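Working notes, beginning with the structure itself.
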Amino acid sequence: MADKIRVTVWNENVHEKTHEEVRKMYPLGIHGAIAQYLAKQPDLEVRTATLDEPEHGLTESVLVETDVLTWWGHIAHGKVDDKVVARVQKRVLAGMGLIVLHSGHLSKIFRALMGTTGSLKWGAADEKERLWNLEPGHPITAGIGACIELPYEEMYGERFDIPTPDKLIFVSWFEGGAVFRSGCCWERGHGRIFYFQPGHETYPSLHNPEILRVITNAVRWARQRICIESTCVEVKPLEKISAKQM
Ligand code: ZN
């Protein structure tokens with residue numbers, strides 16, 4: 001394994017090109033905002049990839065050099081090539097970490113790894129959100145207090161159609177009354193996966209130092225520790241098996 005954690009920040013990068021409001025909020029793109037923060041961490045080596053690059057910037061060689069992939073997508077989930085999704089899934093099962101952000105709950109890769117629809121209730125009404133920290137001792141909440149308060153976020157509400165998380169890190173309260181499992185951990189194969197809800201494209205959540213701190217912590221938690229492609233192999237018995245009288 002490399003000394004530094006090699007992170008690839010993936011973004012569909014569509015809203016930034018089509019909506020002035022989003023371009024103003026994220027002039028470097030959502031991927032640029034995340035990558036800029038991560039690149040300041042001495043233990044991380046960061047690159048970005050976007051939908052319109054060949055193979056969406058997620059070629060075999062890029063993925064081989066990636067310990068953790070972060071994923072932001074929204075309106076272009078259907079444009080992500082199934083071959084690339086299969087390649088990413090294979091890498092996660094072999095040990096690569098995956099951080100799925102906000103509307104990535106409907107991405108092909110998240111649904112493939114979860115085996116559920118990823119559907120939820122939503123509403124855009126400039127609501128205040130409080131993300132309650134359920135696991136103050138977990139590496140993902142290092143440096144985070146009892147809760148994170150965001151003045152505005154898009155409401156995501158239950159029921160969120162996911163398998164029960166291996167560990168639930170945050171539960172959110174929204175001003176309008178909804179609650180949501182907003183920070184969830186799973187393992188699939190040898191890979192670690194974290195879903196994190198904040199990050200709507202017209203709100204500054206991905207400039208918020210606490211949100212970026214959680215993403216950074218999650219990258220460290222999900223770092224690839226091993227790379228093993230699991231296959232079925234026939235093995236001979238280690239000991240001599242005595243003939244049985246049937
Ligand atoms: Zn959104």
Side-chain angles (χ1 to χ4, degrees), residues 9-38 48-52 56 69-80 85 98-114 116-132 147-162 165 169-184 193-215 218:
V9 177
W10 192 88
N11 176 22
E12 66 178 25
N13 196 30
V14 175
H15 292 296
E16 293 92 327
K17 290 191 275 193
T18 54
H19 292 80
E20 184 56 29
E21 191 189 3
V22 179
R23 195 172 18 243
K24 270 197 196 142
M25 184 60 75
Y26 293 104
L28 302 174
I30 284 171
H31 55 300
I34 298 168
Q36 192 178 42
Y37 183 90
L38 294 179
T48 62
T50 54
L51 181 71
D52 57 2
H56 314 320
L69 176 65
T70 74
W71 193 280
W72 196 102
H74 181 220
I75 51 170
H77 293 317
K79 292 191 175 153
V80 177
V85 176
L98 179 70
I99 313 299
V100 177
L101 299 169
H102 190 57
S103 38
H105 67 92
L106 281 184
S107 62
K108 289 180 178 179
I109 184 59
F110 185 64
R111 293 160 73 167
L113 285 161
M114 294 296 115
T116 56
T117 65
S119 62
L120 45 76
K121 295 193 178 64
W122 64 278
D126 294 347
E127 287 179 50
K128 182 197 277 190
E129 175 180 5
R130 268 193 207 106
L131 296 102
W132 289 98
C147 73
I148 301 172
E149 194 166 302
L150 299 173
Y152 306 103
E153 245 304 341
E154 182 177 24
M155 184 280 286
Y156 276 11
E158 297 288 345
R159 187 178 179 264
F160 184 16
D161 189 27
I162 47 171
I169 306 290
F170 291 104
V171 165
S172 283
W173 165 92
F174 289 86
E175 203 175 346
V179 294
F180 188 69
R181 288 170 288 174
S182 50
C184 307
I193 301 161
F194 182 60
Y195 172 80
F196 193 41
Q197 175 269 335
H200 185 65
E201 66 273 8
T202 57
Y203 297 131
S205 300
L206 295 171
H207 294 305
N208 178 300
E210 288 183 295
I211 298 302
L212 290 164
R213 175 80 191 253
V214 170
I215 294 171

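Residue indices begin at 1 and follow the sequence shown. Start at 1 and go down the list; that is how both ligands and their atoms are numbered. In this text the structure is predicted, and so the values were computed from the model without any measurement. The analysis underlying the following values was restricted to heavy atoms, covering all of them including side chains, and did not include hydrogens, waters or symmetry mates.
H207 has its ring centre less than 6.0 Å from the ring centre of Y26.
What you find for T117 and L106 is that their closest heavy atoms are O-CD2, 3.4 Å.
Around the Zn ion (ligand 1), the protein contributes the following N, O or S atoms under 2.8 Å, ordered by chain and number: H102 NE2, E154 OE1, H200 ND1.
Relative ring orientation between H105 and Y195 is described as perpendicular, the plane-to-plane angle rising above 60° on a 0-90° scale split at 30° and 60°. The aromatic rings of Y156 and H102 sit parallel to each other, their planes meeting at less than 30°, with 60° as the upper class boundary. Classified by interplanar angle (parallel below 30°, tilted 30° to 60°, perpendicular above 60°), the ring pair Y203/H200 is tilted.
Remark: K128 engages E149 in a salt bridge (Lys or Arg N to Asp or Glu O under 4.0 Å) (not counting sequence neighbours).
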